[in-house]
There are 2 protein chains.
Amino acid sequence: MANTEQLVAQRLTESGIRYSTGRRAVIEALSAADGPRSAAELHRDLAEAVPLSSLYRSLSVLTDADVVTMHHGSKGVTRYELSEWLTGHHHHLVCLSCGTVDDITPPPDLEADLESVVISLTVSGRFSPKGHALEIEGFCSECA
Amino acid sequence: MANTEQLVAQRLTESGIRYSTGRRAVIEALSAADGPRSAAELHRDLAEAVPLSSLYRSLSVLTDADVVTMHHGSKGVTRYELSEWLTGHHHHLVCLSCGTVDDITPPPDLEADLESVVISLTVSGRFSPKGHALEIEGFCSECA
DNA sequence: AACGAGAATAGGAATCATTATCATTATGCA
DNA sequence: TGCATAATGATAATGATTCCTATTCTCGTT
């Protein structure tokens with residue numbers, strides 16, 4: 001997706017944030033991933049290009065700019081992925097064994113079902129929903 | 001729920017694990033809570049009764065025995081609550097502002113809808129689902 | 001093209017939650 | 001009662017993440 005690059009560049013420019021090479025490397029690594037990645041995993045890929053402290057700072061900046069979204073996974077590690085306005089709305093398959101998280105995008109009819117459940121659950125009015133996340137926990141093909 | 005006590009005692013005995021006073025204190029604190037609590041929060045309540053290191057070990061033992069379930073929340077803190085076979089299956093309303101997590105139990109028809117969505121999403125067979133968690137993100141009545 | 005102000009980086013130190021260690025104490029059973 | 005084992009608690013260690021500070025880079029201005 002060369003398109004992602006442009007959208008990110010535009011968003012950062014609007015926010016007065018520079019799209020430096022380090023940050024570009026982070027965005028590229030996240031674009032290449034098929035699910036949320038931890039800082040450690042990203043650092044493994046980017047090792048020389050981006051030192052760990054800079055990686056964390058870049059993720060923080062990108063998260064503030066809403067280009068990247070953080071998720072909280074097992075063993076206290078935080079995982080990051082491109083925000084849904086870049087990737088499209090999706091849910092997660094979480095492996096109970098190895099902790100890997102993969103994205104899954106439901107077909108429109110299932111997504112509609114989910115949304116109607118969310119709405120039904122919050123009609124009472126005490127809580128105003130802004131979004132939802134379905135996490136399906138189980139075992140990935142590797143850990144079967 | 002004096003009943004919880006007995007169920008927990010039974011489960012631990014079956015597993016050959018002692019239901020010590022420290023562990024009992026942890027279970028009581030979790031029973032009294034109306035949502036998932038972090039180790040730090042629990043320690044605030046139990047301060048003198050259970051030192052932090054013992055608290056963590058108790059939570060670990062109880063989690064292994066499947067009496068307690070851990071959830072991963074914001075800022076790398078883990079929250080613990082009684083497992084669903086003690087509390088009933090439920091989902092979470094997560095406030096984007098204050099971070100509070102409330103339990104919500106869907107009526108049977110909505111829960112059935114959820115389950116059928118999960119099954120439809122995983123029929124391809126690459127991933128074997130063991131459970132699911134729906135998190136509805138939004139703003140609680142306090143933070144409106 | 002050089003300048004200067006603010007932004008960004010690198011690397012290490014510091015912090016926070018959590019886990020491991022180990023000597024001591026308590027428990028249940030023969 | 002006495003022993004084998006489980007549990008405890010104080011402390012040290014770990015690991016992820018954040019903070020700090022000096023240096024480097026970028027961009028707009030001249």
Side-chain angles (χ1 to χ4, degrees), chain A residues 8-30 36-65 67-81 98-101, chain B residues 8-29 36-65 67-81 99:
Chain A
V8 171
Q10 181 182 342
R11 164 66 63 103
L12 292 184
T13 300
E14 282 168 3
S15 306
I17 296 169
R18 293 186 192 151
Y19 196 15
S20 63
T21 49
R23 291 170 185 172
R24 196 177 306 264
V26 172
I27 293 296
E28 279 167 9
L30 288 175
R37 295 288 176 261
S38 69
E41 287 164 349
L42 291 171
H43 186 241
R44 210 172 300 136
D45 300 346
L46 303 170
E48 319 209 344
V50 183
L52 196 51
S53 68
S54 300
L55 174 57
Y56 272 110
R57 202 161 17 71
S58 291
L59 287 170
S60 166
V61 167
L62 294 169
T63 299
D64 286 349
V67 165
V68 164
T69 301
M70 45 190 277
H71 301 277
H72 304 286
S74 58
K75 241 195 62 181
V77 297
T78 304
R79 288 166 190 282
Y80 303 82
E81 70 180 343
C98 64
T100 298
V101 183
Chain B
V8 171
Q10 181 182 341
R11 164 65 64 100
L12 292 184
T13 301
E14 283 169 3
S15 307
I17 296 169
R18 292 184 194 154
Y19 197 16
S20 63
T21 50
R23 291 167 186 173
R24 196 177 304 264
V26 172
I27 293 296
E28 278 168 9
R37 291 292 171 86
S38 68
E41 287 163 350
L42 291 171
H43 185 242
R44 212 171 297 138
D45 299 345
L46 303 171
E48 317 208 346
V50 182
L52 195 52
S53 68
S54 300
L55 173 57
Y56 272 111
R57 200 155 21 70
S58 292
L59 287 170
S60 165
V61 167
L62 294 169
T63 299
D64 287 349
V67 166
V68 165
T69 301
M70 43 192 276
H71 300 278
H72 305 286
S74 58
K75 245 194 59 179
V77 296
T78 304
R79 283 166 208 287
Y80 303 82
E81 68 181 344

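All values reported here derive from a predicted model rather than from experimental measurement. Order of the sequence lines fixes the chain letters, A, B, ..., with proteins taken first and strands second; residue numbering starts at 1 for each chain.
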What's the spacing between [X] [atom1] and [Y] [atom2] if we round to 0.5 Å?
X: B:R24; Y: B:I27; atom1: CZ; atom2: CD1; value: 9.5 Å
X: B:L59; Y: B:T78; atom1: CG; atom2: OG1; value: 10.0 Å
X: A:T21; Y: A:E28; atom1: OG1; atom2: CD; value: 10.0 Å

How close or far is atom [atom2] of [N] from atom [atom1] of [X], stated in whole angstroms?
X: B:R18; N: C:dT25; atom1: CZ; atom2: C1'; result: 11 Å
X: A:R23; N: C:dA10; atom1: CZ; atom2: C1'; result: 14 Å
X: A:L46; N: C:dT9; atom1: CG; atom2: P; result: 13 Å

With sequence neighbours excluded, tell me which residues meet side-chain hydrogen bond (donor to acceptor under 3.5 Å, both in side chains) with A:Y19.
-> A:E5
Under the side chain to side chain contact (heavy atoms under 4.5 Å, CB included) test, residues paired with B:T63 that sit two or more places apart = B:V68, B:M70, B:Y80
For A:R11, enumerate each residue passing the side chain to side chain contact (heavy atoms under 4.5 Å, CB included) test, keeping only those at least two apart in sequence or located in another chain.
-> A:E14, A:S15, A:D66, A:V67, A:W85
Angle by which the axis turns from one end of the helix from C:dA1-D:dT30 to C:dA30-D:dT1 to the other, five pairs per end, to 10 degrees | 20°
Is the side chain of A:R23 donor-acceptor paired with the backbone N or O of A:R18 at a distance under 3.5 Å, no angle test?
-> yes
With distance as the sole test, does A:S60 use its side chain to make a donor-acceptor pair with the main-chain N or O of A:Y56 at under 3.5 Å?
-> no
Decide yes or no on side chain to side chain contact (heavy atoms under 4.5 Å, CB included) for A:I17 and A:L62, but give the supporting numbers first.
-> CA-CA 9 Å; A:I17 296 169; A:L62 294 169; over 6 Å; no
If you pin A:T21 and B:S20 to their nearest nucleotides in DNA chain D, which one's is more 5'?
-> B:S20
For A:R37 and A:V101, which heavy atoms make the closest approach, and how far apart are they?
-> NH1-O, 3.8 Å
Along DNA chain D, first and last positions that approach a heavy atom of chain A under 4.0 Å = D:dA16 to D:dT26
Detail all sub-3.5 Å separations between protein N/O atoms and N/O atoms belonging to nucleotides 16-21 of chain C.
| unit_1 | atom_1 | unit_2 | atom_2 | d |
| --- | --- | --- | --- | --- |
| C:dT18 | OP1 | B:T78 | N | 2.8 |
| C:dT18 | OP1 | B:T78 | OG1 | 3.0 |
| C:dT18 | OP2 | B:Y56 | OH | 2.3 |
| C:dT18 | O5' | B:Y56 | OH | 3.3 |

